[in-house]
Amino acid sequence: TAPARAPAPARPLPYEAIPRSGRNAWLNLLRFWRSNSFQRFHLVMQRNFQRYGPIYRETVGTYNCVNVLLPRDAAQLFQSEGIFPRRMGIESWVAHRRLRNHKCGIFLLNGEEWRSDRLILNKEVISPAGTRKFLPFLNAVAQDFVTLMHRRISKNTRRSLTIDLYSDLFRFTLEASSYALYGERLGLLEESPNAESQRFISAVETMLRTTLPLLFIPPGLMRWVNTKLWRDHIEAWDTIFKHADKCIQNIYQEFCLGQPRKYSGIMAELLMQAELPLDSIKANITEFTAGGVDTTAMPLLFTLFELARNPSVQTAIRQEIAEAESQGPRELSKVLNSMPLLKSTLKETLRLYPVGITVQRYPTKDVVLQNYCVPAGTLCQVGLYAMGRSPEVFSNPERYDPLRWLSKEDNSFKALAFGFGARQCIGRRLAETEMMLFLMHVLRNFRIDTVSKADIKTVFGFILMPEKPPLLTFRPID
Ligand SMILES: C[C@@H](NS(C)(=O)=O)c1cncc(N2C(=O)c3ccc(Cl)cc3C2(C)C)c1
């Protein structure tokens, strides 16, 4: 008898056979608008994966997208992204740039324009050499944050401080990223932070909040649908650009007076290299200034909360910091590289609270996802929030356990909070370094506790944030 043949691999099923959430696109959009479920987009996706399985198609208004959950499907998307990876654009942002005749930064660019800017910016913003140069600047700001907290506690009769750290964290991340970008201190960690920078921080919040409802409306319509929303959006953008322009003017004047001898931040390096025209430097530095505030503040808040309700993890990290310090004075990047548990803690926070809740790509060639044939050019996205909490991907997903990242398990394509490949987050090293230094100094000086141990509810406001910021208690370690 003929040898038993291995069953031929099942021919991929047609695209039309992919399970679909909700039939009518416009009905979906209406439902979304009415129930304001944009804010629960991450939870809607998680429920859809539970209902339809690891792949499903969604059509909301004009937006049609294939959603995937598993690491191997993310890997497939990465393989088919081509040399000009593309995400869904944000029309309301591009509309503002056109309205004001500003150039776009790499977040909004595509194709050759994106690639040429990105390759030049990589050298100063994300390369190990670039990171080593701005690292001391971030360290100085992290130390000033600890000084600020000690100053506040010393004013208390009790030797502790229980506060909502929300606005302090925004001041910290803006102070740190601005120092790395412009080589200038804004003074946000002083007693009376200056009002202009405060206005900038709230403008970024307003811009992000008003971006969300505009995401799903065709650009031509948005001005008429809701003029207040559109006006607030544009006004917030104008404040953001005015602030960035003021910082850029300061450093540009100094630069024209004579080239700074020592490293004075990313902007100065880009001016000196003169590989990017000034208006491109401005467009990108503005994106980095605004993109470096909320994105990095949120994971710090979530990490402090999780360490407060997981005291054994907090103690283990404090132990690791003490050991890293006990090895005598070394270059800061070496100290950070000798704290794998602290690095895994950031990964664990971003698993449960991914700032960007999805990674999107348009595959440049047909791709097979979950044995369905997905044609080139179809918008696909990896549901990071659902993946991070899926028992199919992580054992005991509800447990905050940084050690899971240090086990010999295969974690490839599981830590996608910064995206992947040539188009991954360019601020990744700045954000990681900023958060590592902040936590190293804060945990070495304070024990963190939290009033309530209950899970924090999250809302999606273009970035993932807590519905209500947790109250945290800081106790100095003598
Ligand atoms: C939250 C996540 N969304 S994502 C990129 O995954 O879809 C994200 C990750 N990294 C950076 C950002 N940015 C901002 O927040 C932001 C604000 C204003 C401007 Cl001018 C530019 C930005 C960018 C896009 C840099 C946003």
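As the structure lists them, so they are numbered: ligands from 1, and atoms in each ligand from 1. The structure displayed is predicted, hence computed values, not measured ones.
A salt bridge links E348 and R351; the closest N-O separation between the charged side-chain nitrogens and carboxylate oxygens is under 4.0 Å. A salt bridge links E432 with R428: at least one charged nitrogen is closer than 4.0 Å to a carboxylate oxygen.
The immediate protein surroundings of ligand 1, defined as residues with any heavy atom under 4.0 Å of it, consist of W93, R97, F107, M207, W237, E287, A290, G291, T295, V355, G356, F462, I463.
When all heavy atoms are compared, the tightest approach of L135 to L332 is CD2-CB, 3.3 Å.
In the model, T289 has no side-chain atom that pairs as donor or acceptor with a side-chain atom of H243 under 3.5 Å.
Here the OH-CE distance, from Y353 to M465, works out to 15.0 Å after rounding to the nearest 0.5 Å.
Identified under the salt bridge (charged side-chain N to carboxylate O under 4.0 Å, His left out) test for residues 290-306, with sequence neighbours left out: E306-R309.
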